[in-house]
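Note sheet for the following structure.
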Amino acid sequence: MSFDRSIKIAPSILAADFANFGAECEAVEAQGADWVHVDVMDGHFVPNITFGPAMCAAIRPHIKGVMDVHLMISPVDPYIDAFAAAGADVITAHVEAGPHIHRTLQAIRAAGAKAGVALNPGTPAESVAHLLDLTDLICVMTVNPGFGGQKFIDMGDKIRTLRAMIGDRPVHIEIDGGVDPKTAPLVAQAGADVLVAGSAAFKGGSVSNPAPYGENIRAIRAAAEGVWA
């Protein structure tokens with residue numbers, strides 16, 4: 001996984017056909033997805049239950065690029081090795097999910113994955129000020145975690161603060177929640193480079209009719225690149 005600040009679109013399979021994940025991953029990549037985003041929820045840290053390491057291992061052979069695993073679970077540390085073994089390229093944990101996020105990031109890197117840290121809407125940018133040299137990605141939640149399809153919450157000030165804090169470090173800023181062609185320019189202009197899109201990426205398409213996936217991805221990318229600098 002090489003680092004660059006170009007806009008990357010990461011469709012969330014939370015919005016895909018649950019009965020056909022392997023083919024959905026292949027279809028969305030063929031239609032222009034840069035990363036595939038996997039939302040892991042435990043029914044404890046967030047009020048929903050989704051996937052575990054076994055599902056990640058099952059779809060890994062169907063993903064040519066980056067598998068971006070977002071752990072909305074607590075505790076995190078006992079599961080890091082399993083998700084790394086399942087093929088996660090990036091493992092992101094929430095700063096709010098446990099008492100020792102510094103240790104968690106150390107453990108993710110030790111397991112061979114890139115280390116991400118996520119911030120809920122109510123969590124300030126300053127909470128990661130002492131984690132930047134251990135972090136490969138900061139995920140800014142623009143919805144409260146737990147469900148897809150929520151309304152976008154503007155976190156532009158937080159994104160700009162993080163962009164300034166990061167400086168020239170090779171750290172991605174990822175946005176998760178409510179990203180579509182209307183909101184993509186707002187977060188790109190603030191400094192984000194990885195845009196997670198669920199329903200906005202998958203709407204109107206299917207494995208048997210994947211062309212809308214490409215149209216959706218191109219629309220989000222074009223909107224973001226129109227202002228990204």
Side-chain angles (χ1 to χ4, degrees), residues 1-2 8-94 97 104 107-118 136-137 139 141 145-149 172 174 176-177 179 194-214 216-217:
M1 230 184 108
S2 59
K8 288 162 283 295
I9 309 300
S12 167
I13 61 169
L14 191 63
D17 178 359
F18 277 36
N20 210 6
F21 273 142
E24 287 277 47
C25 291
E26 292 176 1
V28 80
E29 278 196 323
Q31 291 295 322
D34 301 290
W35 295 9
V36 174
H37 187 82
V38 183
D39 287 304
V40 177
M41 306 182 191
D42 64 357
H44 169 67
F45 181 66
V46 294
N48 198 2
I49 298 173
T50 57
F51 328 113
M55 199 282 293
C56 290
I59 64 172
R60 177 71 263 190
H62 299 274
I63 299 172
K64 296 178 181 178
V66 173
M67 184 163 76
D68 176 31
V69 177
H70 178 189
L71 300 183
M72 288 170 271
I73 67 175
S74 179
V76 174
D77 293 9
Y79 302 97
I80 290 170
D81 287 345
F83 281 103
D89 296 293
V90 183
I91 298 176
T92 297
H94 275 253
T104 298
I108 292 170
R109 284 189 165 182
K114 298 292 186 181
V117 59
D136 300 293
L137 177 147
C139 176
M141 298 299 298
F147 295 96
H172 296 289
E174 178 177 76
D176 189 352
V179 172
V194 182
L195 308 186
V196 175
S199 54
F202 283 95
K203 68 179 180 181
S206 65
V207 167
S208 60
N209 177 33
Y213 297 168
N216 297 336
I217 290 167

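Nearest approach of I91 to I108, heavy atoms of both residues: O-CD1, 3.4 Å. Residues A88 and M67 share a closest heavy-atom pair of N-CE, 3.6 Å. When all heavy atoms are compared, the tightest approach of I217 to Q31 is CD1-O, 3.9 Å. In terms of heavy atoms, V46 sits closest to G146 at CB-CA, 3.8 Å. Of all heavy-atom pairs between V194 and A10, the closest is CG1-CB, 4.2 Å. Nearest heavy-atom pair across A15 and S199 is CB-N, 3.5 Å.
Contacts classified as salt bridge (Lys or Arg N to Asp or Glu O under 4.0 Å) and involving residues 8-29 (residues at least two apart or in different chains) are given here: D4-K8, K8-D193.
Remark: aromatic rings of F51 and F18 are close, center separation under 6.0 Å.
Atom NE2 of H94 sits about 5.0 Å away from atom CZ of F45, to the nearest 0.5 Å. Between the NE2 atom of H70 and the CZ atom of F83 there is a distance of 11.5 Å, given to the nearest 0.5 Å. Rounded to the nearest 0.5 angstrom, I9 CD1 and N216 CG are separated by 11.0 Å. Taken to the nearest 0.5 Å, the CE atom of M72 stands 6.5 Å off from the OG1 atom of T50. Taking OG1 from T104 and CG from D77, the interatomic distance works out to 3.5 Å, rounded to the nearest 0.5 Å. The distance from atom OG1 of T92 to atom CD of E174, rounded to the nearest 0.5 Å, is 6.0 Å.
Put simply, the side chain of D136 never gets that close to the backbone of G116: no donor and acceptor are under 3.5 Å apart.
Within a 6.0 Å radius of OH in Y79, no more than 12 heavy atoms belonging to other residues, nucleotides or ligands are found.
Side-chain contact between D176 and H37: present, with at least one pair of heavy atoms (C-beta onward) separated by less than 4.5 Å. Residues H44 and S74 have side chains in contact (heavy-atom distance under 4.5 Å, counting atoms from C-beta outward). Residues D89 and R60 meet the side-chain proximity criterion, which asks for heavy atoms closer than 4.5 Å.
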Practice task
Would you check, one step at a time, whether the test side-chain contact (heavy atoms from CB on, under 4.5 Å) holds for V40 with V69?
Solution key: CA-CA 7 Å; V40 177; V69 177; 3.8 Å; yes
Exercise for the section: Decide side-chain contact (heavy atoms from CB on, under 4.5 Å) for L14 and M41; before the verdict, give the C-alpha distance in whole Å, the side-chain angles of both, and the deciding distance to 0.1 Å. Expected result: CA-CA 10 Å; L14 191 63; M41 306 182 191; 3.7 Å; yes
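Ring orientation note: the planes of W35 and H172 are nearly perpendicular, at an angle over 60° on the 30°/60° scale.
Side chains of D39 and S12: a donor-acceptor N/O pair is present below 3.5 angstrom, by distance only.
The salt bridge (charged side-chain N to carboxylate O under 4.0 Å, His left out) test applied to K114 returns no partner, not counting sequence neighbours.
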